[in-house]
Number of protein chains: 2
Amino acid sequence: METPRTPATLADVAERAGVSRQTVSNAINNPDLLRPDTLSRVRAVIAELGYTPNQAARQLRTRSSRLIGLRLGPAQEFTANMAMDRFVRSLVEAAGQVGHQVLLFSGGPVAEGERPDPLAGYDDLVRSTAVDAFVVTDTYLGNPQTIGLTRRGAPFVAFGRPWDDPHAAHPWVDVDGAAGVRAATEHVHRRGHRRIAWIGWPPGSPIGDDRRAGWHRAMSEHGLSTAGLEAAVEDTVDAGRSAAAALLDDTGGGSGGGSGGGSGEGAPTAFVCASDTLAVGVLAELDARGLAVGGSAADGMGVVGFDDSQVAQVLGLTSVRQPLEQVAVALVEALTALLGSTTVEPSGVLLTPTLAVRRT
Amino acid sequence: METPRTPATLADVAERAGVSRQTVSNAINNPDLLRPDTLSRVRAVIAELGYTPNQAARQLRTRSSRLIGLRLGPAQEFTANMAMDRFVRSLVEAAGQVGHQVLLFSGGPVAEGERPDPLAGYDDLVRSTAVDAFVVTDTYLGNPQTIGLTRRGAPFVAFGRPWDDPHAAHPWVDVDGAAGVRAATEHVHRRGHRRIAWIGWPPGSPIGDDRRAGWHRAMSEHGLSTAGLEAAVEDTVDAGRSAAAALLDDTGGGSGGGSGGGSGEGAPTAFVCASDTLAVGVLAELDARGLAVGGSAADGMGVVGFDDSQVAQVLGLTSVRQPLEQVAVALVEALTALLGSTTVEPSGVLLTPTLAVRRT
DNA sequence: CTGAAAGCGCTAACAT
DNA sequence: ATGTTAGCGCTTTCAG
């Protein structure tokens, strides 16, 4: 209706409603304290005036901004980007549910040829009491910058396990990559594949090793050999393609029509990959060789990627999908627990991905 | 070093430096007013104590939060998602450069089967003075929710042209889709293609129409006919594929080896698409027909997408790339101008996309 | 150039 | 159940 130059204040509402400022404050924060009729009267005026508590004043008084800080690092690799988008959306939504908002900040421009300071940007926010807590997403850097944060008295919860310290004293939420890859392996196994290859990353990265373990475990459980079925390459399409080619050639066969996937020796008939990027490489190689893809083992090769990226969705690539919505909810839960009570037992939550089954 | 329970305040610094609070404040906000030696002494203490002004107090006093609100709507279509990620990153970075941060908020959960309220979420932020301004990204909805914002006295700048009102009284930044598509068309033309098809969306969407215009103009300028070279379909891979098939079949030819792209009648030898999604469909159809892709017109078909999505990058698809980094910078510039001066002449900025040239 | 006073809008404690 | 008082930490007058 009206367009007041300056937003209504508590005092405005109080005067108009014929009560004191405190009563209005209570109407908002402790409605139970008011008599029903007073409450409704105050509420009417609040609505009429379009009053919303001044955020700064409230924050100054309560020392709570209802803001969650999330640092956006420099652009990550392909797949991480997409995941990040979905994650951020989910986090904003989940935080919104409990009355929080998400404050994005950047780690600052990384100086030429310099290692980015993993803590840059956090400090100011902590000291200026601009945010109540942080969601830290780059623990996978292996860098427990977490240490820096705890010492700084900044509440935070991590998306990602503290790989190097299983007993870390902070809450975290992570996705069970091994379980995801295992499900992927089971999937192609159910379709009749027995020679199931793994195309992963070079050993040493916790996430990569974890995912590989899922494949290895699944194979073992089915009594399948993994010999000659493994490649460790960097995360590019070309590398994935080369790896697939090498695996297909290695044990002979595979150049013609794919001899029908026996359970013994021989070229792989299915590929489980550590990323969609690698899987795209595999698809390219199979396509170049004229090998059919999808269906049961008799119909064509099996290919599964990881992250359910845009690429997977467009190409019809079956892929492991991280439950980022659940991750966000769990993070927010942990955060509210953290902010609510003084005694916080550090808890870890491990969520299981799903498999987005498509053509391949 | 130390870990004070509570962050240092202005008073702490003042006492330790042997000056008044005001002097410390000046040291931060008006360094010129201090004598050099006083300044350096105060600065030393500030550094020593790790002092950072309390954000809430400052905001309460100055009525400026140095926060820019950005609403994250519900997940968009494929390509928008990817673009959003890159855009948000760029915006955070650009805003950071001028000392602002980005506050994400959600439009609220859209009730089942209900049209999302395009203004939901903005109101509270405005009235609670939580943000200084907004960046509005969904003007392409054709919905000038902008109106609502202006009336509300909320400064904002739009990413996206006010299509339905060329003289809108707010600053905006947009990407010249027509120019991008034109560049794409020129690109395949330079490679020797003459029968260049356009696969776009059904008429009626400003963005789609604009992009199509770029193709049409480029064709006209080269004196090329566009007859029988156009398809308007929904934005899916399958639709793109069908459209390509239809165009290839329509004027005969094309099933064998592609007869070498004359300039007269005949099937298209190149496809410029309104989206990467459609282009992927084209690639699939060409692949199925055994038609080569890339190189000069003599070598293979030309295909260009739009948005330089992850998919394009992975598939080696040439694509029009929106300069989102520049968009972010321009938005922030417009915003600071808006916030700085009282007299703001509404300005529009139209940026030209680049062409990410790849295999196709 | 530096200091003292006032108050932004709100809520936690205490009155009533 | 409602009103009063005080003060969060900062910056904008205004005096010295």
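All values reported here derive from a predicted model rather than from experimental measurement. Proteins get letters first, then strands, A, B, ... in listed order; numbering begins at 1 in each.
- The CG atom of A:Asn26 sits 9 Å away from the C1' atom of D:dA1 (whole-angstrom rounding).
- Of all nucleotides listed (D:dT11, C:dA12, C:dC10), C:dC10 comes nearest to the side chain of A:Thr9.
- Within the 4.0 Å cut-off from OP1 or OP2 of C:dA12, not a single side-chain nitrogen or oxygen of A:Arg63 is found.
- We find that CZ of B:Arg58 is positioned 14 Å from C1' of D:dT12, with the value rounded to whole Å.
- In this structure, CD of B:Gln55 is placed 19 Å from P of C:dC8, rounded to the nearest angstrom.
- One finds no side-chain N or O of B:Ser20 lying less than 4.0 angstrom from the OP1 or OP2 phosphate oxygen of C:dT2.
- Residue B:Arg21 is classed as a base contact, given a heavy-atom separation below 4.0 Å to a base.
- Here the nucleotide nearest the side chain of B:Leu10, chosen from C:dC10, C:dA12, D:dC10, is D:dC10.
- Side-chain atoms of A:Arg61 and base atoms of D:dG7 include a donor and an acceptor less than 3.5 Å apart.
- Side-chain atoms of A:Thr23 lie closest to D:dT2 of the nucleotides C:dG3, D:dT4, D:dT2.
- With D:dC8, C:dT2, D:dA6 as the candidates, the nucleotide lying closest to the side chain of B:Thr38 is C:dT2.
- Computed from coordinates, the B:Ile46 CD1 to D:dC10 C1' distance equals 13 Å when rounded to whole Å.
- With salt bridges taken as basic N to acidic carboxylate O contacts below 4.0 Å, none links B:Glu325 and B:Arg89.
- Out of C:dT2, D:dG9, D:dG3, the shortest distance to the side chain of B:Leu34 is found at C:dT2.
- At a threshold of 4.5 Å between non-hydrogen side-chain atoms, the residues B:Leu49 and B:Arg16 count as touching.
- You won't find any donor-acceptor pair under 3.5 Å spanning the side chain of B:Gln22 and the base of C:dA5, going by distance alone.
- In this structure, A:Leu33 places its CG atom 16 Å from P of C:dC14, rounding to the nearest Å.
- Checking C:dT11, D:dC10, C:dG3 against the side-chain heavy atoms of B:Ala57 singles out D:dC10 as nearest.
- Looking only at distances, no side-chain donor or acceptor of A:Asn30 sits under 3.5 Å from a matching main-chain atom of A:Asp32.
- At least one side-chain heavy atom of A:Ile28 sits less than 4.5 Å from a side-chain heavy atom of A:Ile46.
- Considering only side-chain N and O atoms, B:Asn29 lies under 4.0 angstrom from the phosphate OP1 or OP2 of D:dT11.
- The side chain of A:Arg35 places an N or O atom within less than 4.0 Å of a non-bridging phosphate oxygen (OP1 or OP2) of D:dT2.
- Counting heavy atoms from C-beta outward, A:Phe159 and A:Leu91 have side chains that stay 4.5 Å or more apart.
- Atom pair A:Leu60:CG and C:dT11:C1' shows a separation of 10 Å (rounding to whole Å applied).
- Remark: the backbone N or O of B:Ala130 is paired with a side-chain donor or acceptor of B:Ser65 at under 3.5 angstrom.
- Between B:Asn54 and D:dC10 there is no side-chain N or O to OP1 or OP2 distance below 4.0 Å.
- Taking atom CG on A:Asn30 and atom P on D:dA1, their separation rounds to 13 Å, with Å as the unit.
- Counting to the nearest Å, the P atom of C:dC10 and the CZ atom of B:Arg127 are 13 Å from each other.
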